[in-house]
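Accompanying notes for the structure given below.
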Amino acid sequence: MNRRFLFVLPLVGFAVIASYFAVGLTRDPSALPSVLIDTPAPEFALDPIKGRDRGLSREDLEGEVSLVNIFGSWCFACRVEHPLLMQLKKENAVPIHGIDWREIDPDDGPKWLARFGDPYTLIGDDPVSRAAIAFGVTGAPETFVVDKNGVIRYKHAGVVTGQVWEEILRPLIEELRRQ
Amino acid sequence: MIAEAGLFALTLALLVALVQASVPMIGAHRGNAAWMEVARPAAIAQFLLIAFSFACLTYAFVTSDFSLLAVVRYSHTAKPMLYKISGVWANHEGSMLLWVLILSVYGAAVAAFGRNLPPSLRARVMGVQAMIAAGFILFILFTSNPFERMLPAPDNGQGLNPLLQDPGLAFHPPFLYMGYVGFSIAFSFAVAALIEGRVDAAWARWVRPWTLVAWIFLTAGIAMGSWWAYYELGWGGWWFWDPVENASFMPWLAGTALLHSAVVVEKRDTLKGWTIFLAIVTFALSLLGTFLVRSGVLTSVHTFATDPARGTFILVLLLVVIGGSLALFAWRGPALASTGVFQPISREGSLLLNNLLLTTAAAAVLLGTLYPLFLDAVGGGKVSVGPPFFNAVFLPLIAPMVAVMAVGPLLTWKRADVGPALTRLWVAFAAALAAVVLAWAVIADGPIFALLGMGLAAWLLVGTVVGFAERVRLFRVPFPETLRRIGRVPRAAWGMTLAHGGLAVAIAGMIGAGAWKVESIQTMKPGDTVAVAGFTFTFEGARQVQGPNYSATRGTFTVARDGRPVVTLHPEKRDYPVERSPTTEAAIHPTFFGDLYVVIGDAQGSDGAFVTRIYFNPLVVWMWGGILVMVAGGMVSLSDRRHRVGAPKPSRAAAGAGAGAPARA
């Protein structure tokens, strides 16, 4: 009896894993919670990260079309999109504000930026996910397009690639600027 | 036209696979030899059809046929030929086609080399193979057609992610797939054995070389990917516990365990259920590896397909393949009687312990990789677990395994005394102490775990040599007798010695590169000098150069030690205009004790100053070298005539596994 149980165990374990997979799959990682599209960015005010004087708050997002980029020094994919953000900064393409999310050590974010370069106009430190929850962030990196009235117009989950920038973000930003 | 021909051939291959999945199975069930014989020509035909289909897609890429969607999206006329070809599998659709191509290569290999398998076992193995093939071809045809047209055709393509335009990565996926898919053979053998209700020494003998082939390719493939990350991503690191890296590492861990437990089945006729289970798990993890990369469930640098429809299809495929085989295991597995009995302290015992640690490690990696997904499923939000988790969980599991690895080969089968084995290992123990002291003397500091790790590596290396010396009775018999024994050591034993020794060297390299890396980040003007790890790096300036499909900023650094010039390094920062994304080309000068690694960053101001990152990565060469030796060990073992598919007769298996016989790998 006992022995037979051992042989059934893997099947049971697999069933558990598979059901989690099934649930995970039905959640599209890049789907924006529709409630957030075309609504004003949530109210938030974040402290600056070490080495900077200004943090990031709701008011900073008004006046100009900008990107809000969720990143963290622990985030592998953030390093992948990072060169593109640096490129955008070099070209003065659009102001990019950063939310430094879930740093364990307050030095980690500044160190990471010192090492790879700092593409951000303003950065808010968000170690306990205050702004991240308000924005409905599901993972890092995520990038929001915010128009000049501070309204969220688009969310991209995952790495901003050259293609995403060229095909989605840049046209959208140009259109928002014309409005 | 060519594309349509490719699609047609793939559809035909599906039909052939469906025949191969059914007729031989029924034949084996009824004992009908003619029906069973259908499997072999079917496998060959399937291979030819898929190869033709793959050739058609390659042709489209090589000739830049922009009426094909995949070519438009992943190729460009300005791309060098090598990357036009690698573009075939650098995208989702093409890589799936490569997957089934390799599956059909293995299937054809079983048809060609499996002549003296028992007919019913062969028919069933190939039938199971065909079921997998049918599932994947269906997946391609329904959700990922690489031959999809795009009309009107654009003038040029959108290129390929420049990060992927690299010789190391061009050949990384084929190797990885040779590994992943290779485990399908072990899986098919396991399922066939469950259907037959019989697992014996002969069965293990047939499974081992196939598993070994897959293991060799997977080891090489993972190393290539890691090597690519090391020199292309420009962070001076080589392993990031990224979900996609984990996806290839889990089947490696399980496959390594399978390789060892199959030995026990062959020699001692025990651990049968466990071995079958490992064969299923290893292939399941290989499928999961394919799945993780392909579905976008976990977002990462490699994940270039985010499409829930595909994900759902693969999920169903996984459910059928893994769920089905585990159900079969639950139903038929208990009937597999083992005859061999053994004490906990024995060769079998040590192999079982190694197995348990390896599979626990694989489970830990699985947990860490899927944990974000689990959390998401229960509404906890997405998180990244990251290296701290993996290092904290993985290292404590692997350290005892490495410690036991040195002892295991010195134990006898069935029952052993650990005392004499440890006595013989006094040299290894002394070497371990010496390594700790030496590392401490050189570094004068450093995390204690790294020092102990160096000791562990020395323990394993010298322990492996001691194991070999014992086998040839070095210093115990006259020297000519030892030489004669060396000549008679089976290649499988040479292979084991090489693989274990290679791992020891690789571990030393990993610890060195992981714990004692020196890095220096600064802004340098031309003429500036920075000292790193006893070397002086002088920045001579940077200029613009033009590549075939990119422009680059190329820096020049001269490196000197004690005033004597060592090398001139040229790191580049490339900009690919088509894809609009920059890449970093680190300049690396490998030396025996460490790599000099220089990266050039962004220009600062107008006086020619640049951000530069300079690393000294100790012992990296040891890591790559050690892995190469492991792969070589696998190949030497594969060349053992007892492994050669078909060579051994089943009757010899029982005779060869005499209790208490001197250790054989």
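Chain naming here is simple, since letters A, B, ... match the order of the sequence lines and numbering starts at 1 in each. Because the structure is predicted, anything quoted here is derived from the model rather than measured.
Environment of CZ in A:R54: sparse, with no more than 12 heavy atoms of neighbouring residues, nucleotides or ligands closer than 6.0 Å. Counted within 6.0 Å of NZ on A:K148, heavy atoms from surrounding residues, nucleotides or ligands total more than 12; the atom is thus considered enclosed.
Closest approach of B:L318 to A:F14, counting heavy atoms only: O-CZ, 3.8 Å. Between A:F7 and B:G273, the shortest heavy-atom distance links the atoms CE2-CA, 4.0 Å. Smallest separation of non-hydrogen atoms from A:R115 and B:E519: NH2-OE1, 3.0 Å.
Residues from residues 323-335 of chain B that place a non-hydrogen atom less than 4.5 Å from a non-hydrogen atom of chain A comprise B:G323, B:L326, B:A327, B:F329, B:A330, B:W331, B:G333, B:P334, given in numerical order.
For a residue to count as touching a neighbouring chain, one of its non-hydrogen atoms must lie under 4.5 Å from one of that chain's; by this rule B:I521 touches chain A with the side chain only. No part of A:A15 comes within reach of chain B, as not one of its non-hydrogen atoms sits under 4.5 angstrom from that chain. With a 4.5 Å cut-off on non-hydrogen atoms, B:L366 touches chain A through its side chain but not through its backbone.
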